[in-house]
Every structure is written in structure tokens, then in C-alpha cells.
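In what follows, chains carry the letters A, B, and so on, assigned in the order in which the sequence lines appear, proteins first and then strands, with residues in each chain numbered from 1. Heavy-atom basis, side chains included; hydrogens, waters and symmetry copies ignored.
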2 protein chains.
Amino acid sequence: MATGREIAQLCGVSVATVSRVFNQPETVGAETRERVLRVAKELDYRPNEAARALSTKQSTMIGLVWDTDHRRPGWRHPYLQDLLIGLKSALSAHGYHLLMLATSGDAREVGASLADPVGYVNMTRRHHLGGLVLIDSGSDAEAFGTFAQSGVPCVALDVAVEGPRATYVTSDNAGGARDAVAHLVALGHERIAMITGPQDNQPSQARVSGYRMGLRDAGIPQRAEYVESGDFYRASGTAAAQRLLALDEPPTAIFAASDEMAVGALLAARAAGLKVPDDLALIGFDDIEIASVVEPALTTVSQDKPGFGVAAAKAIMAMITGAGPEAPLVLPTRLVVRESCGGA
Amino acid sequence: MATGREIAQLCGVSVATVSRVFNQPETVGAETRERVLRVAKELDYRPNEAARALSTKQSTMIGLVWDTDHRRPGWRHPYLQDLLIGLKSALSAHGYHLLMLATSGDAREVGASLADPVGYVNMTRRHHLGGLVLIDSGSDAEAFGTFAQSGVPCVALDVAVEGPRATYVTSDNAGGARDAVAHLVALGHERIAMITGPQDNQPSQARVSGYRMGLRDAGIPQRAEYVESGDFYRASGTAAAQRLLALDEPPTAIFAASDEMAVGALLAARAAGLKVPDDLALIGFDDIEIASVVEPALTTVSQDKPGFGVAAAKAIMAMITGAGPEAPLVLPTRLVVRESCGGA
DNA sequence: TACCGTGATGTAACCGCTTACGGTGAAACG
DNA sequence: CGTTTCACCGTAAGCGGTTACATCACGGTA
């Protein structure tokens, strides 16, 4: 590995000049600049990031905090891949890398999931990270609060946080849910039930309130027995649907807070001998891959998956370059009409 | 941020001693060691990783090379999330982090996918990465070769590479395919067709040879017209299945090299008015989530998804700690029998 | 001609940690 | 009692950059 010093010697200049060529080119004479650049290329020079970080007290990395929630072992983020794609590409444009933080070595105790937010914050300092991106793994609101308050720039996904240099990005969950209900209403439904996600999950809460708004918009009275709670998993969707279908006056349409649960509900309906969408309309949320494969294909509320990553990257970069915390970003959702509600 | 120097002063020792307390504890007197440790804790001391890396010429990060293939824009890795979970946890156990490398800033030209393997290698040197993990994004065999030859420790996933310090991990694709065929044979099928993945994709190639082995095992003659090629996408599965079903003597069973294509084939069968599994048996590969949701649920060859990550981490760590390249790792597969082949 | 501002470059301190090497004192040895 | 051994610890030289400050040459100005 060629070092700046070597280049300096070959060019007959000082290391300071070499450094300036790369960081403040305009302060260097055109001729020497070219010379340095040429030699650097010949030697395939690459600045040592560790040295640079040590000196400048900042790196070109931002940390990714993503733990699988030990309380929901089987849980998978519905669109992690797309999110990462967006995040990575947006970050790359600024020359930044994504560091997937390991929980501090000694935190591999039982249920270490986000057990030690402080550990991550320390990692941030140790590595001079520019900031943190927090991926929601179900219900980490409390833990995320610690991050947000720590003072390091951070942006959370799908969890509302606030702090001196923190913000978050989320979908317009309420709006999406409202649209879903409106769609159902437009198709003539009045007995519309909902299967919620975990109580402490913010997107789920927003979807519930969107559901209520939708009913209110249509002047449909709300019924407590039409709101069943699930946990985003498929099985809970099945169970909730069974309870709903067993009501004296069962709903004619069900809006599930996740596609997984909608699929679960679909199974329940099928088991109950009901035809979807004829006997029961079904609508989900997320637009995961499965949604387009089940029979009938699921009408659902689609989120801008790579958009999450891109928005997060932008927010982080903005904070790094000095700006204060941005206002929370709310991504638009889009209703994808397929077959599970009929009315094509 | 407290520094080693501060601790040294407070303890009345030299910085060297402080450093030794953390790196070679046994060379420090018990009493001073305790003292240093105590003060370090009080000050919430965290060693500066940049300084450490600069000095030792090695970091505790390993790079992740994962590009979305521009030739297959919609392509998604079938189980990236599980893979990352395994990778991250296994790496964490060694105190290592995963750095998702951005393509070198200027490589965001059109089709920058893995366009510049050298760029990644340079990143490796700039950051003193311990090694690289290469995730196959469809067919990067050539590019991966460059990495493997570069001398940095690297382990590829699902792509065979060889180099001074390179190895790879993959599933027993041939074995899994063979099992799938055997399963079909056991159910009485003789006219067994296959839908392959891309020609240049190694796992696909192995699955094809496994398919052939399976037929040979059963003494069933191979028919060229029974091998249709796809690209792992669903649509190609549909198309291939249509061609197969249009044959004078159509197959009674189809083995697809991916679940996506199997689902595609399922759609084709459905469109053709064929009942699965009664009129046509279907079997896939990967065991992605969709497999268990389609109707009928897909019998498929399951891979040890987190196992990939764990194996990769182990291989990397082994190479970092001096050992030469490990022998390629082949993970066992498991046939998951569901409904698409009947014979429950 | 003396003076000054300015652009280009060099000097050197510093970032925080690791480690080869050397020094010290006490215990062990002859 | 002199000498060796060894455990323990300090000294100081890096690692490879960045950057405040000093220097110097030069053209413009009074």
C-alpha cells in the first residue's frame, strides 16, 4: 500500500500538499496537483481510512441497528431487502458505507435483542460513525428512545422517536388504512372488520386509527367486536378471522394490518367454506411478495419499500452535514387492487 | 470521550500499561490491572477503533459485497434476511461487524453492478477489512473470481471460487435435486421434467445435474425435451411449464430449480385446467415463504438459510486467524413434503 | 525602493493506540 | 553477598493522515 508520504517524496512535495490535493484541491497549484494526482494513480494510492478517521474524528460509515426481536423469534421484516437496497444506494451516492453493528461482544446473553442500546451508542463513538439507522423489529419503541436521546444523529424506521438529532420515516399508515376502508366502502361493504397488529406497534396503531377514520368518513358506526387483535403473524390472522366469522353478525369484509395476517384470514375463510371475495372481502397491508401469489391475489396497501431506505439516507446525511433534525418523513402508500375484494 | 492517556494519568501509570490491560492482561500486575479497569469503567472508556486500526493495521470489520444485478433488476435474493441473521450473529460472537460496502463513489454509472471488483478490494485495504463475504446476486462468477484472486480472505456464497485465501459455501444443490427426483419417482412418476435456472448460475447447474442423477438412479431415460430453461423468475416458470405441457407426451411431474418458477408453473397448470397434484406434480427449490402459502402448498427442497451466514462467518474467521483457505462448505438440504406432489 | 497582500507550499504538532525495547527491583541462585 | 532471572512497567517510536501556522516568492502599490 502506497502512503501519502511516498507520493510526496516522488513528487518532491510535502505530505501536507498531498493531503490538500485530495481534500482542498483548489488550494494547490494546478501543476503540482496534476503531478500528485498522476503519481497517486500510478501507485494506486488509497488513503488509509483509519488514519483519516483518527485525525478528523469522523468516518464515512453510518451504523445499522437491526436486531431480531427475541420476543418474536420467527418474525421477519417484511421488506428488509428492498429497504437495504434503497439505503445502500442512497448512502453510496455520498460515499458512505453501512456498518451492521454487532451487539457488543459481551451482550450475547439471553434475549440480547436491543438489550443494550448504550452498547450501540458506544460503538458509534468508537467508530466515529456519522449516525445510526434504526430498523424496527416489531416493537422497539422504548429502546429506540434511548438512541434518539443519546445525541448521535439517528433516524428510525417505522418508530416515532424524538431527540436532539433524531427523526424517523414511516409510511402513511393511517392514510393507507383509510384508503383501504374507503375501497371497501365503495364496493358496498358496511360490515367491515379489522385485524390489528401488536398493541405496542406504532404502524399498527396508525392503521387502526386510519381504519376508524375510514368508517367515520363513510358514516358507518364502529363496532368494538369488529376489531380483533393479532400480532402480524399469519396464525394470528387465522385465529382473529375465526372469531370474527363466528359473530352473530359476521363482517362482510376484513382489513388486516399485515399481508401475513390477511393470508391467515384467507385460510380461515377457506376453512369455513367461504369464497373470497364473494362471501368475504379481504384486504391486507405491506404488499409483500406473497400477496400476489395467493389465490385469490390479495388486494393490499403497498408501501414504498426502497423509499424507506432512500429517505432514511437523506435524513441521516442532512443531519451529518450540520442541519438539525428533519421533520419526520411520511411516505405515501398506494392501494394495489387485486382480486381479494372483488369489484374489478 | 475518555482516552487511554487520561486513564493513565488518573491511575499514575503509562499509556502502555493501560493498553496492555486491554490487550495482554496477563502481563500486568493484578493490582494495577484492577485499578485501571475500575477507572476505565468510571470514565466509560471506549478504545478508539480508528487509532487501534491505524496502529495494528487491522479492523474488526468484514466487508459485505452485495450488489443487485443490473441484468436482473427485479431479482431478489431468496433468503437474504435469514442469511444476514446468521452472518451477523456468528460474526458478533467474534466481535466483528459487517460493513456493507458501497460501490466506490464514482462507480454509480449505468450498470455499476460489480462493475468494479477492484473498487471493493481497495475498500478492503482502505478500511483494513478482515475479509469479504460475497453474496451471489444471480451470476457473478466472473467478478467473484477477481475477488478471490486478489489475496484478501473471502468467502463466496453459492458461487464456486478459488484463490489463495478464498473459499465458498453452498447448498448441496445436486443432492437436493436428486432427492426431489427420488421423491417423485417414489410416488410413481416416470415422466419427470425440469425447469432450470440461468445457464451461468452454478446452483442451477448443480440442480440440473442432480436431476439427471436422480433419473439415472431410477433407471429412467433422460429426454432432452423435458429440460426447459428459465431464469428463476416466476414468469419464466410459467412459460417453461406451458412448453412442457404442450408436448405430445407431457410430463406428469415438474421439478423447478426455484420456488418462484414452481409457482409460475403452478399458475400455468391452473390455467391449463390441470389439477395439482392430481394431474401434475410440482416440486420447487429454496423453501421461500411463498412455498407454504400457495394452494396447494409447495413441496420443495429447503436450504439451511441462516446456516449460510454462520458457515460463511466461520470460514472468514478461520482465515483471519491465520489458517489457509478452508475446503468449500456444502450445506445439507432437506426435502419439505407438502401438497404439490400428492402422496401424503 | 520599501511595503504589503496573496497564493502556494512546507513544518510540525496532533489524533489515540500498540508494541519493541529497555530499565528497575525483588526473588532466586550459586 | 554478587549475580542472574523475571515479572512489571515506562519510554518512545511509529501507524498515516489533517491542519494551524509559518514561510516564501511575487506582483501591485504608494
Next on the checklist: Whether the side chain of B:Arg46 and the base of C:dG16 hold a donor-acceptor pair under 3.5 Å is what I'd like checked.
Outcome noted: no
Checklist entry - So does B:Arg126 reach the base of D:dG16 with its side chain, donor to acceptor, closer than 3.5 Å? => result no
Checklist entry - For B:Thr3, which contact category applies under a 4.0 Å heavy-atom criterion: base, sugar-phosphate, or nothing? => result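 The residue B:Thr3 makes sugar-phosphate contact but no base contact.
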Next on the checklist: Under 4.0 Å, counting only non-hydrogen atoms across every strand here, what does B:Tyr45 touch: a base, just sugar-phosphate, or nothing?
Outcome noted: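 Touches sugar-phosphate only.
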Gap between atoms [atom1] and [atom2], on [X] and [N] respectively (whole Å):
{"X": "B:Gln24", "N": "C:dC17", "atom1": "CD", "atom2": "C1'", "value": "13 Å"}
{"X": "A:Arg33", "N": "C:dA8", "atom1": "CZ", "atom2": "P", "value": "9 Å"}
{"X": "A:Arg35", "N": "C:dT9", "atom1": "CZ", "atom2": "P", "value": "8 Å"}
{"X": "B:Phe22", "N": "D:dC9", "atom1": "CZ", "atom2": "P", "value": "15 Å"}
{"X": "A:Arg125", "N": "C:dC15", "atom1": "CZ", "atom2": "P", "value": "19 Å"}
{"X": "B:Glu6", "N": "C:dC17", "atom1": "CD", "atom2": "C1'", "value": "14 Å"}
{"X": "B:Asn23", "N": "C:dC17", "atom1": "CG", "atom2": "P", "value": "11 Å"}
{"X": "B:His128", "N": "D:dC15", "atom1": "NE2", "atom2": "C1'", "value": "8 Å"}

Nearest to the side chain of [X] - [options]?
{"X": "B:Val13", "options": "C:dG10, C:dC17, D:dG10", "answer": "D:dG10"}
{"X": "A:Arg20", "options": "C:dT19, C:dC17, D:dT19", "answer": "D:dT19"}
{"X": "B:Ala16", "options": "C:dT19, D:dG17, C:dG16", "answer": "C:dT19"}
{"X": "A:Ser14", "options": "C:dG10, C:dC17, D:dG16", "answer": "C:dG10"}
{"X": "A:Val28", "options": "C:dT9, C:dT18, C:dA20", "answer": "C:dT9"}

We want to know whether [X] and [Y] form a side-chain donor-acceptor pair, criterion being a heavy-atom distance below 3.5 angstrom.
{"X": "B:His128", "Y": "A:Asn48", "result": "yes"}
{"X": "B:Asp136", "Y": "B:Tyr168", "result": "no"}
{"X": "A:Asp304", "Y": "A:Tyr79", "result": "no"}

Below 4.0 Å: OP1/OP2 of [N] and any side-chain N or O of [X]:
{"X": "B:Ser55", "N": "D:dC15", "result": "no"}
{"X": "B:Thr17", "N": "D:dG10", "result": "yes"}
{"X": "A:Arg5", "N": "D:dG16", "result": "no"}
{"X": "B:Lys57", "N": "C:dT18", "result": "no"}
{"X": "B:Thr32", "N": "D:dC8", "result": "no"}
{"X": "A:Arg52", "N": "D:dT18", "result": "yes"}
{"X": "A:Asn48", "N": "D:dG17", "result": "no"}

Checklist entry - Toward the 5' end of DNA chain D, which comes first, B:Thr27 or A:Val15, by nearest nucleotide? => result B:Thr27
Next on the checklist: Determine whether a donor-acceptor pair (N or O, by modelled atom type, separation under 3.5 Å) exists between the side chain of A:Lys41 and the backbone of A:Val36.
Outcome noted: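 Not a single qualifying donor-acceptor pair exists.
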Next on the checklist: Taking side chain to side chain contact (heavy atoms under 4.5 Å, CB included) as the criterion, tell me which of A:Leu43, A:Val15, A:Val13 meets it with A:Ile7.
Outcome noted: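 Filter result, single survivor: A:Leu43.
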Next on the checklist: Is it true that, when you exclude B:Glu31 itself, more than 12 heavy atoms of the residues, nucleotides or ligands shown sit nearer than 6.0 Å to its CD?
Outcome noted: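 Not more than 12 within 6.0 Å, no.
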